[in-house]
Structure formats: structure tokens, C-alpha cells
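Single-structure report; data block below.
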Amino acid sequence: MTRNATLESALDDAKRDYTQRNPASLALHRRAAETMPGGNTRTVLYADPFPLGFARGEGARLWDVDGHEYTDLLGEFTAGVAGHSHPAIRRAVVAALEGGISLGGHNTYEPRFAELVRARFPAMQRLRFTNSGTEANLLALSLAVAATGRSKIMVFAGGYHGSVFVFGGGATINVPFDYVVAPYNDTAATLTLIAENAADLAAVILEPMLGGGGCIPADHEFLRALRAATTENGILLILDEVMTSRLAPHGLGAEMGVVPDLMTLGKYVGGGMSFGAFGGRPDLLDRFDPSLPGALPHAGTFNNNVLTMAAGIAALTEVYPAEATRPLSAYGNRLRARLNGLAEAARVPICFSGVGSLLAVHMLTTPPRTPAEAAAGNATARDLFFFDAVRAGFWLAKRGMMALSLPLTEADADAFADMVREFIETRGPLLTAAA
Ligand SMILES: Cc1ncc(COP(=O)(O)O)c(C=O)c1O
């Protein structure tokens, strides 16, 4: 790394270097942009000047179309906990393929997968499958409105519940529920808002740790207060555990002692295939029982697709059973503490927030407790961290998120700590000057 006079000039140089090193990614992007706006079909993957294109992955390694090798610290935003092409997932998918896909009826995988999901996440006494976390939340919220006869939904600033449930500021195309937006981790203000809207609130939905919002865990007291206030007022508490269910044997909510009325899942639970699920109290979910008069409808051509069902069974039994959650979380906690120790020793404003295997880098001296605190971090410095990490062979989200996967080793953690140490040494003076 060369030493620059300002963060801005360092970032310009890093982007120039990135452009020179990645001509095949640039060509792929230009080609994609001829048919897809901005060459993009997942907003989160966009990066200026252009995103990398990947050719393949294996274990915890990725190779881009220019032939560079990366240690994958992103783990497909939590869906890739197994790493790439895990043999148990491959076996399950190949076996399902051989039995025929798109059967147009129920299949033998469905009840087994549902039993496994319920055993793992006891809050989901009854459950239904969807194709994505977005859809799971859409169904859970629609159910809450139908079940309570109320119209408002409480969400939290900085929360993310899917493509049409973005509460992080900026433009949105959110599904038009009547939202009340509360401040995350501010118990007093949230309880006041609940009291003011109690008669109209169908549900309060939140992530037990803001994932996309910067890996900001809920305070225990905040979550418990929400549980009590929602119960008292007949409001449904929905825990969106699309990202966080991997963090403890029964999910992060259960770990914090909170049982929601409804819970949603996505990502790794489907073994890397398209997946979502919503579930919870039997009296709520049983409204979907088609044998009952006036049952609520819930269709979806691929809800029970055999590839997801089969891969999900392998994920929950062979790859990431409940007992595998603690060692992976411990690995993440050790790495986070080590990285934060490096920054603290150097007195440089960079830190790593999160719980267990989910981390986010912030250009702050201490991990943020709220999205507003997270927003105060220097965005140029965070972009520079991304480009420096990529240059050093580590793949993570542009916004600084990491979701550690099972095949990562201690040597990978050492190598990443070395990269962070070098970033602190080389860029530290610029960060401190800009803080
Ligand atoms: C907390 C949370 N909820 C919901 C979703 C949406 O899931 P999907 O991308 O499968 O629609 C995400 C995706 O990142 C998420 O992080």
C-alpha cells in the first residue's frame, strides 16, 4: 500500500488499482449493463466503479473472473455458512435432482424438513415455507394484520426485512403497510410509541441484531421490554431471524430468552438454495390450514421445491446442526476481539461490531449501539477498507459486513488479522486525521 495525503486520494488510488487489476470483471459488468440496469439484479452487490464477477468457489475460497483468489469472509450474507460446494449439500441436491424436480405436488422431503426446522427453532410450532426471507416477512406481517384486525406495523430505523422492507433511509419501494418507525435500542422511546399506537398495532417486527444495519445487537433489556409490552397490548412480536438464527442453537431470540409470536427464517437454513420460512403460534399459523372454512391462502410455486427441501435437511442435520453453532460463534467472537484489540492498541478509529460469526467494520472507536451511531463512521475510510481487503485477497460486503463460514480456519483468521494490522499501520494516520 502506498501512503497518501488524504483518505480521498487513497481511495482514488485504490479504485484505480482495482480497475486495472480486474478487466474481466469490468467487461462482465459492461455486458450485464446492456440488459440489466446498472448491470445489477441485487442492489447490495453494486460497487463503484464496478462489482467483481466470480467464476467459482470451493470451501472458503472464491476465484473471480480475472483469476484472483479470495478468502470468502462474506459467506453470501449469511446464506453460505456451509462454504462452497459442501459435499453433504451436493449429495442432497444431486439425489433430489435424480428423483425429478418440479413435481407439481407434495414431496417426501417437506415434512422432514419442517420437523427439523421446528425442532431447531421451537418458537415455530407451526411453519410454512417461502422462497426468500422477504417473502417470509411479507407473509408473517400479512398474517399479523389478518389475525389482529389491526393495520399498523412497528419497525425500527435501520432495520432490514427484505427488498420491500427497507428502513435504513434513502429511497424505498416498500410494501405499503402503515408503518410506525421506532428507534432501535431506545427502550423508553419505543415503549412510548407502542403506548400511543397500541390499539392499531398488529405487530412489532425486529431483528434481534440489526444485520444489514451494521451488526448491532439488541440490548437484552430492550428485547425483553418489547416482549412484555406487546403481550400486554395484544400486539404480535415478530422476530426476523433470517440472519441471526445461525448465532445460537435455537436462534438469537431464544438465546436472549425471548419467545416471539411469529419468527421468520431465510438464508443458510435452505442449504444455500432459495429459502424462507415463517412460523410461530399454532393458533396463528393454523389459519392457513386449507381444510378449514375461511382459511387464509398462501401459494407459491417453489415453496416446497425439492432442491431447497433436500439441501435444507442436509444443512440442519449434517452441515450446521445446533451443536455446530457454538464453535462457529466462538471463532467469530475470538476474531472480533482480536481485531478490536489491534485497533485499540493503535488508538485508531476502526472497530468490529456484531455477535458470533457476524461482524461489521465501522470507522469508529467503539462498536455502535444504534444505527445513528453507526452512520457517524467515515464512509470514505470504510470504502478504503473494502478495497484494501479485496486487494489483499479477502472478500467481504462493500458496506463492511462479514458472515464467517464453517470452512474458515485459524490460519484464515491470522491472515485477516495481518491485513487489518497493515490497514491500521498504513491508513491509521489518515483515519485519525479525518475523525
Ligand atoms: C434480517 C433480514 N430479513 C430479511 C431478509 C431478506 O431475505 P431474502 O434476501 O432472502 O429475501 C434479509 C436479507 O438480507 C435479512 O438480512
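Start at 1 and go down the list; that is how both ligands and their atoms are numbered.
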Phe423-Phe387 aromatic ring centre distance below 6.0 Å: no
Atom 12 (C) of ligand 1: the protein heavy-atom neighbour that sits closest, reported with distance to 0.1 Å: Tyr160 CE2, 3.5 Å
Flag for Arg246-Thr325: side-chain donor and acceptor within less than 3.5 Å: no
Modelled atom types, side-chain donor and acceptor of His84 and Arg61, under 3.5 Å: no
Parallel, tilted or perpendicular: ring planes of Phe352 versus Phe416, cut at 30 and 60 degrees: perpendicular
Contact atoms of ligand 1, heavy-atom distance to Met243 under 4.0 Å: 14 (O), 16 (O)
For Asn137, the ligand 1 atoms whose distance to one of its heavy atoms is below 4.0 Å: 3 (N), 4 (C)
No-hydrogen, no-angle side-chain donor-acceptor test under 3.5 Å, Asn22 and His68: yes
Minimum-distance protein heavy atom relative to atom 3 (N) of ligand 1: Asp240 OD2, 2.7 Å
Between Thr108 and Arg112: side-chain donor-acceptor atoms closer than 3.5 Å: no
Check: Phe275 ring centre within less than 6.0 Å of Tyr268 ring centre: no
Close N or O approach (Glu207, ligand 1; < 3.5 Å): no
Part of Glu135 with heavy atoms under 4.0 Å of ligand 1, whether side chain, backbone, both or neither: neither
Side-chain H-bond candidate by donor/acceptor type, Asp383 with Thr380, under 3.5 Å: no
N/O separation below 3.5 Å, Gly133 to ligand 1: yes
Residue Ser132 vicinity, atoms of ligand 1 by number, heavy atom under 4.0 Å: 10 (O), 11 (O)
Which residue and heavy atom of the protein sit nearest atom 11 (O) of ligand 1, plus the separation: Thr134 OG1, 2.5 Å
Side chain, backbone, both or neither: Phe77 near ligand 1, heavy atoms under 4.0 Å: neither
Protein heavy atom at shortest distance from atom 13 (C) of ligand 1: Lys267 NZ, 3.1 Å
Ligand 1-proximal atoms of His161, by part, heavy-atom distance under 4.0 Å: backbone
Per-residue contact class, Val242 against ligand 1 - non-hydrogen pairs under 4.0 Å: side chain
Residue portion contacting ligand 1 (non-hydrogen atoms closer than 4.0 Å) for Thr78: neither
Ser274 versus Asn131, side-chain donor and acceptor atoms under 3.5 Å: no
